[in-house]
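Computed from heavy atoms alone, side chains included, the values below leave out hydrogens, waters and symmetry copies. Within every chain, numbering begins at 1; the chains are lettered A, B, ... in the order of the sequence lines, protein sequences first and strands thereafter.
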Protein chains: 2
Amino acid sequence: MKTIKHSRQRDAIYNFLCTRKDHPTADIVYNNILPEFPNISLGTVYRNLSLLTELGQIQKISCGDNSEHFDADISSHNHFYCRKCKAVIDLPMENIDFIETLASNSFGGKIESHKTYFVGICENCLNENM
Amino acid sequence: MKTIKHSRQRDAIYNFLCTRKDHPTADIVYNNILPEFPNISLGTVYRNLSLLTELGQIQKISCGDNSEHFDADISSHNHFYCRKCKAVIDLPMENIDFIETLASNSFGGKIESHKTYFVGICENCLNENM
DNA sequence: TATATAATAGTAATCGTTACTAATATTAAT
DNA sequence: ATTAATATTAGTAACGATTACTATTATATA
């Protein structure tokens with residue numbers, strides 16, 4: 001059996017993610033951990049982000065902007081992608097997990113989870129146009 | 001002003017997409033158009049898929065499997081990603097566009113659209129395990 | 001038919017991500 | 001504590017998806 005050993009780099013990656021609400025990419029995680037681990041390699045960051053995602057400790061957000069974003073908040077919540085400033089932010093709203101039930105009604109497969117993201121212009125970018 | 005000129009390649013790409021319900025990637029589109037346009041280049045396929053997406057004639061599906069999928073069906077509908085066979089399929093269900101209203105309630109930005117995809121095991125893969 | 005210019009083919013380059021390997025860190029057992 | 005087993009790392013190379021570049025071709029307009 002393959003066991004998981006503790007790693008200080010993985011802790012640092014996870015802890016950094018916990019401090020951020022803006023869903024950083026692997027590259028951003030890497031650059032922010034460099035001060036503490038000057039020799040950490042980008043591959044280590046990618047490997048641990050994948051591992052943490054598989055373990056369910058973080059989640060991956062794919063919003064079509066050609067790089068994956070990561071979120072240490074694994075509670076069920078939704079995201080918003082601003083097509084102007086490209087930011088990926090949380091969109092606090094009532095829980096919509098019931099759409100999984102709606103989806104199950106006429107579907108023969110097994111639905112395990114869902115991802116929803118909204119697209120538009122964020123509040124900051126709206127205000128800049130005034 | 002920049003005008004859009006007609007292109008036989010773009011037509012072929014769009015028409016091919018219309019024949020498919022499985023949301024092919026750029027590479028699959030390319031390989032299926034090769035018989036008709038033996039000299040078409042992959043760049044042309046990518047450029048036109050992007051253009052058609054911008055024009056709203058097709059839609060792009062990002063489901064986190066490191067390549068974009070495309071769909072000529074631009075009506076509001078949802079997708080399912082099978083984490084076993086990696087297929088991206090339609091998931092017919094009642095319309096859930098009202099979640100955009102729910103999202104708007106406590107959000108200061110402008111919501112223009114949303115994307116939802118469900119993840120799990122498709123019917124075919126479920127049956128294979130029996 | 002001529003002119004303007006958008007689109008293409010072909011290729012090179014870029015970017016995000018993964019794979020490889022020898023060295024290191026962690027864990028469990030002595 | 002020491003050792004042994006092995007998971008993890010750093011460093012680098014490789015990969016796949018996508019974009020950029022440029023001379024040529026196709027399309028649209030006059």
Side-chain angles (χ1 to χ4, degrees), chain A residues 1-17 22-55 57-71 81 83 86 88, chain B residues 1-17 22-55 57-71 81 83 86 88:
Chain A
M1 67 223 97
K2 182 165 64 176
T3 66
I4 290 182
K5 286 184 177 171
H6 190 252
S7 132
R8 289 178 303 124
Q9 288 88 336
R10 186 183 310 129
D11 285 348
I13 289 166
Y14 179 74
N15 289 334
F16 168 71
L17 259 193
D22 63 344
H23 320 102
T25 61
D27 193 61
I28 293 173
V29 172
Y30 170 71
N31 281 295
N32 278 275
I33 284 182
L34 267 184
E36 189 184 354
F37 290 87
N39 292 327
I40 198 170
S41 95
L42 197 47
T44 296
V45 173
Y46 274 102
R47 185 166 12 82
N48 280 298
L49 287 172
S50 292
L51 178 57
L52 290 167
T53 302
E54 281 166 27
L55 295 175
Q57 295 183 243
I58 65 174
Q59 66 168 316
K60 185 170 77 166
I61 305 166
S62 306
C63 58
D65 71 341
N66 77 29
S67 59
E68 304 292 351
H69 297 252
F70 295 90
D71 190 349
Y81 173 69
R83 62 178 176 75
K86 319 297 187 194
V88 178
Chain B
M1 66 224 104
K2 182 164 66 176
T3 66
I4 290 182
K5 285 184 178 171
H6 189 252
S7 132
R8 290 179 304 124
Q9 288 89 336
R10 181 157 58 239
D11 285 349
I13 290 166
Y14 178 74
N15 289 334
F16 168 71
L17 258 192
D22 63 345
H23 320 100
T25 61
D27 194 61
I28 293 173
V29 172
Y30 170 71
N31 281 296
N32 279 275
I33 283 181
L34 266 185
E36 188 184 354
F37 289 87
N39 292 328
I40 198 171
S41 96
L42 196 48
T44 296
V45 173
Y46 273 103
R47 186 166 12 83
N48 280 300
L49 287 172
S50 292
L51 179 57
L52 289 167
T53 302
E54 281 167 28
L55 294 176
Q57 295 183 244
I58 65 175
Q59 66 168 316
K60 186 170 78 166
I61 306 166
S62 308
C63 60
D65 70 342
N66 77 30
S67 58
E68 303 292 352
H69 297 254
F70 295 91
D71 190 350
Y81 174 69
R83 61 178 177 76
K86 319 296 187 195
V88 178

Exercise. So which one's nearest nucleotide on DNA chain D is more toward 5', N48(A) or N66(A)?
Worked result: N48(A)
Problem set entry | Phosphate OP1/OP2 of dA9(C): any T44(B) side-chain N/O under 4.0 Å | yes
Exercise. Any donor-acceptor pair under 3.5 Å between the side chain of K2(A) and the base of dT6(D)?
Worked result: no
Seminar exercise, completed: Whole-Å distance, N31(B) CG to dA17(D) P, equals 11 Å
Exercise. Quick one: is dT8(C) close enough that its OP1 or OP2 comes under 4.0 Å of any side-chain N or O from S7(B)?
Worked result: yes
Problem set entry | Interatomic distance, R47(B) CZ vs dC21(D) P [rounded to whole Å] | 13 Å
For this session: Identify whether any heavy atom of T3(B) sits under 4.0 Å from a base atom; if not, whether one sits that close to sugar-phosphate; answer base, sugar-phosphate or nothing.
Result: sugar-phosphate
For this session: Report the distance from atom CZ of F16(B) to atom CG of N31(B), rounding to the nearest 0.5 Å.
Result: 9.0 Å
Problem set entry | R8(B) CZ to dA7(C) C1', straight-line distance once rounded to whole Å | 11 Å
For this session: Specify the separation, in whole Å, of atom CD1 of I4(B) and atom C1' of dT5(C).
Result: 14 Å
Problem set entry | Rounded distance (Å) that lies between atom C1' of dT17(C) and atom OH of Y30(A) | 14 Å
For this session: Supply the atom-to-atom distance K60(A) NZ to T53(A) OG1, rounded to the nearest 0.5 angstrom.
Result: 7.0 Å
Exercise. Taking NE2 from H6(B) and C1' from dT5(C), how many angstroms apart are they, rounded to a whole number?
Worked result: 17 Å
For this session: Figure out the CG/P separation between N39(A) and dA23(C), and round it to whole Å.
Result: 16 Å
For this session: Respond yes when some side-chain nitrogen or oxygen of Q9(B) is under 4.0 Å from OP1 or OP2 of dA9(C), and no when none is.
Result: yes
Exercise. Taking OP1 and OP2 of dA17(D), is either one under 4.0 Å from a side-chain nitrogen or oxygen of S67(B)?
Worked result: no
Exercise. Taking only N and O in the side chain of Y46(A), is any of them less than 4.0 Å away from OP1 or OP2 of dT17(C)?
Worked result: yes
Problem set entry | Sugar-phosphate only, base, or nothing, as touched by L42(A) at under 4.0 Å among non-hydrogen atoms | base
Problem set entry | Separation of dA26(D) P from F37(B) CZ (nearest whole Å) | 11 Å
Problem set entry | Donor-acceptor pair between S50(B) and R47(B) side chains, under 3.5 angstrom | no
Exercise. Could you go step by step and tell me if H6(A) and D11(A) meet the side-chain contact (heavy atoms from CB on, under 4.5 Å) rule?
Worked result: CA-CA 8 Å; H6(A) 190 252; D11(A) 285 348; 2.5 Å; yes
Exercise. Which heavy atom in I13(B) sits nearest to a heavy atom in V45(B), and how many Å separate them?
Worked result: CD1-CA, 3.7 Å
